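Reading through the structure tokens given below for one structure.
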Amino acid sequence: MNNAMTPLEILLQNYPQLTVCQDAIQAAVKLIGDCFSANGTLFTCGNGGSSADADHIAGEFLKGFCKKRPADDKTRDVLRQFAGEEDGTLLGAKLQRGLRCIPLGDFSCILSAVRNDLDGQMDYAQVLYALGRPGDVLLGISTSGNARNVKLATAVARTLGITVIGMTGEKGGVLAQNADIAIRVPAQETYRIQEFHLPIYHAICLCVENRFFDR
């Protein structure tokens with residue numbers, strides 16, 4: 001990576017078509033960073049390939065992405081106290097600091113219960129209703145912008161005081177209408193939309209990581 005350029009500048013250099021999304025991406029970076037600064041949680045969700053993207057985003061936040069994020073000295077000392085010298089030293093050397101991100105699609109037990117007992121379209125809404133708090137952020141991903149379960153989750157989010165970021169295609173759909181920040185990529189075919197989503201959320205993750213970690 002060219003250290004003289006920000007992740008967003010590199011994104012736009014590599015994908016000039018995404019210049020139309022620049023303001024929304026910058027707003028999303030700030031919102032997510034401010035959420036983490038306030039000890040809030042980022043929730044992610046989507047369907048199909050977008051569900052995989054939601055998991056992918058969480059993976060970049062929960063451990064080191066392009067920076068190592070080592071545990072601090074105090075944590076290392078306490079780990080040796082509770083785990084013993086050998087295990088404590090191992091944990092202290094290997095653990096990486098994370099940022100609070102939860103993919104709503106990764107709760108197989110409750111999701112199957114919701115689909116069986118309530119309504120399959122309420123899966124993300126129910127988990128978010130149980131876990132979400134004011135000041136958190138929901139990142140919903142839908143290539144059409146019209147995924148019903150993502151739409152219902154955004155309604156719960158707004159009810160709880162959770163800010164919504166939507167990642168969609170050019171048409172936007174209801175997700176773009178309901179989101180506080182809508183990242184609408186300039187494509188209409190599902191696979192093309194997804195091809196734009198990945199470098200965008202990588203850039204977002206890099207920008208946020210740079211805000212919190214030095215190396």
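This chain uses plain numbering: 1 for the first residue, then up along the sequence. Quick caveat, the model's predicted, so the values are computed rather than measured.
- Summarising the local packing, OH of Tyr129 is surrounded by 12 or fewer heavy atoms from other residues, nucleotides or ligands at distances under 6.0 Å.
- In this structure, the side chain of Arg115 does not engage the main chain of Gly120 through any donor-acceptor pair within 3.5 Å.
- In this structure, Ile204 and Leu139 have side chains that are not in contact, with every pair of non-hydrogen atoms separated by 4.5 Å or more.
- The neighbour count for Asp117 CG, taken as heavy atoms of other residues, nucleotides or ligands under 6.0 Å away, is above 12.
- Under the 4.5 Å side-chain criterion, counting only non-hydrogen atoms from C-beta, Leu62 is not in contact with Arg100.
- Judged by distance alone, the side chain of Arg76 and the main-chain N or O of Ala93 form no donor-acceptor pair under 3.5 Å.
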Hey, can you pull the donor-acceptor pairs under 3.5 Å for the side chains in residues 105-114, sequence neighbours left out?
unit_1: Ser112; atom_1: OG; unit_2: Ser108; atom_2: O; d: 3.1
unit_1: Ser112; atom_1: OG; unit_2: Cys109; atom_2: O; d: 2.8

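- Judged by distance alone, the side chains of Thr75 and Asp72 do bring a donor and an acceptor atom under 3.5 Å apart.
- The CD atom of Glu60 sits 7.5 Å away from the OH atom of Tyr201 when rounded to the nearest 0.5 Å.
- Separation of atoms CZ (Arg211) and CG (Leu99) is listed at 10.5 Å; rounding is to 0.5 Å.
- Of the candidates Asn149, Thr154, Thr44, Tyr124 forms a side chain to side chain contact (heavy atoms under 4.5 Å, CB included) with just one, namely Asn149.
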Could you pull out every donor-acceptor pair under 3.5 Å between side chains of residues 162-182 and any protein atom, sequence neighbours left out?
unit_1: Glu170; atom_1: OE1; unit_2: Gln188; atom_2: NE2; d: 3.0
unit_1: Asn178; atom_1: ND2; unit_2: Val174; atom_2: O; d: 3.4
unit_1: Asp180; atom_1: OD2; unit_2: Val164; atom_2: N; d: 2.8

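- The structure places CD of Gln13 at 11.0 Å from OG1 of Thr19, a figure rounded to the nearest 0.5 Å.
- Between His202 and Phe65, the closest side-chain pair of non-hydrogen atoms falls below 4.5 Å.
- Here the straight-line distance linking atom SG of Cys35 with atom CG of Leu138 works out to 11.0 Å at 0.5 Å rounding.
- We find that Lys30 and Asp34 are joined by a salt bridge, their nearest charged nitrogen and carboxylate oxygen being less than 4.0 Å apart.
- Geometrically, Arg80 does not engage Phe82 in a cation-pi contact, judged by NZ or CZ lying under 6.0 Å from the ring centre and within 45° of the ring axis.
- Ring geometry for Phe36 versus Phe61: interplanar angle over 60°, hence perpendicular rather than tilted (30 to 60°).
- The side-chain heavy atoms of Leu95 and Leu79, taken from C-beta on, include a pair separated by under 4.5 Å.
- Separation of atoms CG (Leu206) and CG (Leu8) is listed at 11.0 Å; rounding is to 0.5 Å.
- Atom-to-atom distance recorded for Gln26:CD and Cys21:SG is 11.5 Å, nearest 0.5 angstrom.
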Derivation and outcome, side chain to side chain contact (heavy atoms under 4.5 Å, CB included), residues Gln17 and Phe196:
CA-CA 9 Å; Gln17 311 97 307; Phe196 280 135; 4.0 Å; yes
